[in-house]
Enquirer: 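Sharing a structure below in structure tokens format, with a few things to ask.
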Amino acid sequence: MATVLLVEDDYVVRGALLRSLTDRGHTVHAVGTALEALRRFAAEPPDLVVLDLGLPDLDGADALRMLRGMSDTPIIIATARDDEAEIVRLLKAGADDYMVKPFTSAHLDARVTSVLRRAGRASREEPTTIEAGDLRVDLAQRQACLNGEPLTLTRKEFDLLAYLAARPGRVVSRRELLEEVWHQPSVGEDQTIDVHLYWLRRKLGESASAPKYLHTVRGVGFKFATPG
Ligand code: CA
């Protein structure tokens, strides 16, 4: 698990990569220009950068050199150009690895894992725990605690909580939950989510009308938030 700065100006590609990296448990900051990337990089250095070379504002090779000038953070280049001379030049300029578009999320995952391993930052073997207010969700132990008290959750209640808690502040659609938590396609008016959410909310000491962590976004989906 790592913090990844994703630099890609194509909205569709960026969304797909963002989702695939997030699904692997990485924390992703996605930006669409080189200048945003440099600003973000300086403000909060990531563990890894995935850098598209064809950006609207700066040449990717210049962006690479500027990032490299700031730190040794691993950088994976994503290029549409399958040009060996260009790739060699970029590797010499400090890129750690490269991928030629289009690539699959499995390919991206393999490169990310290998680059992080080489950088000595991969899997620090610490359990991944999400903490929010009085709630603690231990993903490795599959145990959630509220005020230090273990909650008795069913498998799906835990999966639902973990999925939402891992994406704080993001509205997750019903369709996404059905696909990612229940691994089933969205079929019309399905009460599955509502039933599980009802019980999960009771166990968290909240309800749809008085939410603390699990907020319904009407007509869209659900959002995890830390109680203020
Ligand atoms: Ca591009």
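Start at 1 and go down the list; that is how both ligands and their atoms are numbered.
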Enquirer: Side-chain donor-acceptor contacts of residues 217-228 below 3.5 Å, not counting sequence neighbours, with atom names and distances?
Expert:
none

Enquirer: Could you pull out the N/O/S protein atoms under 3.0 Å of the Ca ion (ligand 1), ignoring any water?
Expert: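 Correct list: Asp9 OD1, Asp52 OD2, Gly54 O.
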
Enquirer: Salt-bridge test for Glu36 and Arg39: reply yes if a basic N is under 4.0 Å from a carboxylate O, no otherwise.
Expert: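 No, Glu36 and Arg39 are not salt-bridged.
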
Enquirer: Can you tell whether the side chains of Asp134 and Lys212 come within less than 4.0 Å, N to carboxylate O?
Expert: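 So Asp134 does not pair with Lys212 through a salt bridge.
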
Enquirer: Hey, is Asp23 close enough to Arg167 for a salt bridge, meaning N to O under 4.0 Å?
Expert: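 Salt bridge: yes.
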
Enquirer: For Trp182, enumerate each residue passing the ring-ring contact (aromatic ring centres under 6.0 Å, His included) test, keeping only those at least two apart in sequence or located in another chain.
Expert: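 With sequence neighbours excluded, Trp182 shows a ring-ring contact (aromatic ring centres under 6.0 Å, His included) to His196, given in chain and number order.
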
Enquirer: Going by salt bridge (Lys or Arg N to Asp or Glu O under 4.0 Å), name the pairs with one or both residues in residues 139-154, residues two or more places apart or in two chains.
Expert: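 Sorted pair list: Arg142-Asp159.
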
